[in-house]
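All chains are named by letter (A, B, ...) in the order of the sequence lines, taking the proteins before the strands, and each is independently numbered beginning at 1.
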Amino acid sequence: MRVSKFPLSTLKETPADAEIISHQLMLRAGLVRRLASGLYTWLPLGIRVLRKVENIVRDEMEKVDALELLMPGVQPAELWQESGRWDEYGPELLRFNDRHQREFCLGPTHEEIITDLARRELSSYKQLPVTWYQIQAKFRDEIRPRFGVMRSREFIMKDAYSFHIDQASLQKTYDLMHQAYTNIFTRFGLDFRPVIADSGSIGGSGSHEFHVLADSGEDAIAFSSHSSYAANIEKASALPPQDERAAATEEKTIIETPGKHSIEEVSEFLSVKTSQCLKTLLVDGAEENSVVALVLRGDHELNEIKAGQLEQVASPLNFASEEQVRAVTGCAPGSVGPDLEITVIADHNAAHTANFVCGANEDGKHFSGVNWGRDIAEPVTADLRNVTEGDNSPDGKGTLSIVRGIEVGHIFQLGDKYSDKLQANVLDENGSKKTMTMGCYGIGVTRVVAAAIEQNNDENGIIWPQNIAPFDVALAPINMQKSERLKDAAEKLYKELSDAGLEVLMFDQKERLGSMLANIELIGIPHRLVLGERGLDDAKIEYKGRCDKEKQDISLDNIVELLLSKKI
RNA sequence: CGGGGCGUAGCGCAGUUUGGUAGCGCACCACACUGGGGGUGUGGUGGUCACAGGUUCAAAUCCUGUCGUCCCGACCA
């Protein structure tokens, strides 16, 4: 490709509304343009990257015998009503009527459609297992789209669905997919990690997320120092302390703590560690109009997913209002303690704390030297908190570290949730009807592009991993328009490189070197060649890899070979 | 949904407080010079100042409303 035929749309300045680095660079490098909130146009340069990502995905899907198909983006309401999700799915589902006033939605996912297909096309266990996939635009009407294509409303997803006669078959395909995903993200050249995920309301026995590691990631993931254990922090369980609780040695004392509300304020005021203070959070209970108290150590964070799953607690978790707090405790938030008439559930670590500080349920007052069993009834205990750096790994091997990640893939054992609702049956070998078991497997294709940039960039721009770069090599002749000899040499080299199967972007227009180099680095082409009159005299060309510190002169005769060896 | 910010040329911004000829930098076009890291000069193109209504002799500027867009948001107990 030549710049004269493939104009770059790079920007020198960063658009003001782009917050994170990948969004800024995608705009600056001319990969995407915003149309409206959460809607992006992919420019020619961006599409080249997107296609590379898609093709690697396709290749690995074929290897595990998944079959590509394409389903409509517009879906009839009937199927969603049949699965029950027409009512369950909130405003994220964009609904509309056609000219005959029939109801439709824009597909945020395709379980209903694929299950409908399966029940029509599959009738015998002999046709199973089968896996279908598509790469297609999805629409989710996000409350707050942000970070460019990282969380957009319309996005491209690879979604695959498998159908099985039993759980054993599903497990087999699931494991194959797990491996395929590992291969895919490895081929992308990204630093990633498969983690145990919360399977949410869908249930089912297995779910893994694939995260690209990046500080700006929206998810926190915990992984073990000495085993392969890794889990989304929503899911990572905190082990109860193994040793005995310390003895009650202090007297329960009431202390004036005027104006001190937060754990930080109280611990500082009393010169006590935050881990020695307990905080009491009031949330809606499972029973109507009831309130439940959750107790945590001051230095621990509530895990809302875990808490919401407790049978005594309303799901999803909802904090009590200030009025409710006052009605139950007689004081304002800030002085609440666990000595209450309502159900009290303490985190394992909070229940393990002796001689602690807590609210006195009286404005401006706290207790110190409080002990479970002696001063307050022993609480019900549960795992309520997020794991923290240094916690013991739940599998007993090593300790946990916490890093941030961008969720780019998710695989799921669905079981019969949809096949049961939609009556997707086949006959088994005994001739009796059996509901198929399903799995589903997604990759956020557009998000992968953003995540790749988020993980690979420097002050000059994007650094594409080789396999998803829009071009393999940039060729920058200096003042080509001034020298026939240079022009001929550049054209010849361009042809040689192209014939060798390399994707070359040649800067064939009148442009100053500095400007060309700045663009080449901004758009992140992995290999760069600069050809000038001086080099030509010695039959040499200057080569520099995008990450190399130094440039080097290479003999023109060897350059094709060198690049091929680097491409692998 | 709540809170906050911002809407002036393709991009980045000033001008709004105190109403009076719509500006700057980049980009773009032309020409010249320049020629190994976003170069210089001269001359240009491009704006119903988000939209609607109001106040006024006069509105980017004041008032009312609408829309768009970005960020933040339940550890407080």
Row check, [Y] ring normal vs [X] NZ/CZ: under 6.0 Å, within 45°:
| X | Y | result |
| --- | --- | --- |
| R528(A) | Y543(A) | no |
| R95(A) | W86(A) | yes |
| K252(A) | F367(A) | yes |
| R2(A) | Y494(A) | yes |

Taking pairing as Watson-Crick or G-U wobble with both contacts under 3.5 Å, can you name the mate of [N], or confirm there isn't one?
| N | value |
| --- | --- |
| C62(B) | G54(B) |
| G23(B) | C13(B) |
| G73(B) | C1(B) |
| C31(B) | G41(B) |
| G7(B) | C67(B) |

Kindly write out the residues that satisfy side-chain contact (heavy atoms from CB on, under 4.5 Å) with P7(A), not counting sequence neighbours, or none if the list is empty.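 Expected list: none.
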Distance, rounded to the nearest Å, where [X] contributes [atom1] and [N] contributes [atom2]:
| X | N | atom1 | atom2 | result |
| --- | --- | --- | --- | --- |
| L8(A) | A27(B) | CG | C1' | 14 Å |
| Q509(A) | C28(B) | CD | P | 11 Å |
| R534(A) | G35(B) | CZ | P | 11 Å |
| E511(A) | U34(B) | CD | P | 19 Å |
| L35(A) | G68(B) | CG | P | 14 Å |
| F507(A) | G37(B) | CZ | P | 16 Å |
| L282(A) | A74(B) | CG | C1' | 14 Å |
| Q24(A) | C71(B) | CD | P | 11 Å |

Mind checking [X] for me? I need base, sugar-phosphate or nothing, with any heavy atom below 4.0 Å counting as a touch.
| X | value |
| --- | --- |
| L27(A) | nothing |
| R144(A) | base |
| E265(A) | nothing |
| R28(A) | base |
| T280(A) | base |
| G532(A) | base |
| K510(A) | base |
| R528(A) | base |

Salt-bridge criterion met for R151(A) and E142(A) (N-O under 4.0 Å):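 E142(A) and R151(A): salt-bridged.
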[atom1] gap between [N] and [M], integer Å:
| N | M | atom1 | answer |
| --- | --- | --- | --- |
| A9(B) | G23(B) | P | 14 Å |
| C6(B) | C13(B) | P | 12 Å |
| A59(B) | G53(B) | C1' | 13 Å |
| G15(B) | G7(B) | P | 10 Å |
| U18(B) | U61(B) | C1' | 10 Å |
| C57(B) | G43(B) | C1' | 39 Å |
| C62(B) | U40(B) | P | 37 Å |
| C26(B) | U16(B) | C1' | 24 Å |

Has the side chain of R34(A) got a donor or acceptor that lies under 3.5 Å from a partner of the other kind on the base of G68(B)?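 Answer no: no donor N or O sits under 3.5 Å from an acceptor.
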Within the 4.0 Å limit for protein heavy atoms, which parts of nucleotides 6-13 of chain B are touched? Write it as a string from 5' to 3', B for base, S for sugar-phosphate only, - for none. -----BSS
Please determine, for the side chain of [X], which listed nucleotide ([options]) has the closest atom?
| X | options | value |
| --- | --- | --- |
| L281(A) | C76(B), G38(B), G37(B) | C76(B) |
| E264(A) | C71(B), G37(B), C76(B) | C76(B) |
| E19(A) | G39(B), G38(B), C71(B) | C71(B) |
| F147(A) | G37(B), C71(B), C76(B) | C71(B) |

A27(B) phosphate, OP1 or OP2: any side-chain N/O from K12(A) under 4.0 angstrom?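 Yes, within the criterion.
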Can you tell me if R512(A) touches the phosphate of G37(B), counting only side-chain N or O atoms and a distance under 4.0 Å to OP1 or OP2?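 Checking R512(A) against G37(B): no side-chain N or O falls below 4.0 Å of OP1 or OP2.
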RNA chain B: E304(A) or L517(A), which has the more 5' nearest nucleotide?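 Of the two residues, L517(A) wins.
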Closest-nucleotide 5' rank along RNA chain B - winner of E301(A) and S37(A):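 Its nearest nucleotide being more 5', the pick is S37(A).
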Taking atom types as modelled and ignoring hydrogens, do the side chains of E533(A) and N479(A) form a donor-acceptor contact shorter than 3.5 angstrom?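 Looking only at side-chain atoms, N479(A) and E533(A) do not form any donor-acceptor pair under 3.5 Å.
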Which class fits the ring pair W372(A) and F356(A): parallel under 30°, tilted 30 to 60°, perpendicular over 60°?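 Because their plane-to-plane angle lies in the 30° to 60° range, the rings of W372(A) and F356(A) count as tilted.
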Might you work through the side-chain hydrogen bond (donor to acceptor under 3.5 Å, both in side chains) test for S4(A) and Q509(A), ending with a clear yes or no? CA-CA 6 Å; S4(A) 59; Q509(A) 288 185 306; 5.4 Å; no
Contact summary for G298(A) and K279(A), nearest pair of heavy atoms: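 Closest pair (atom of G298(A), atom of K279(A), distance): O-NZ, 3.9 Å.
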Min side-chain heavy-atom separation I453(A)-L31(A) under 4.5 Å: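 In contact.
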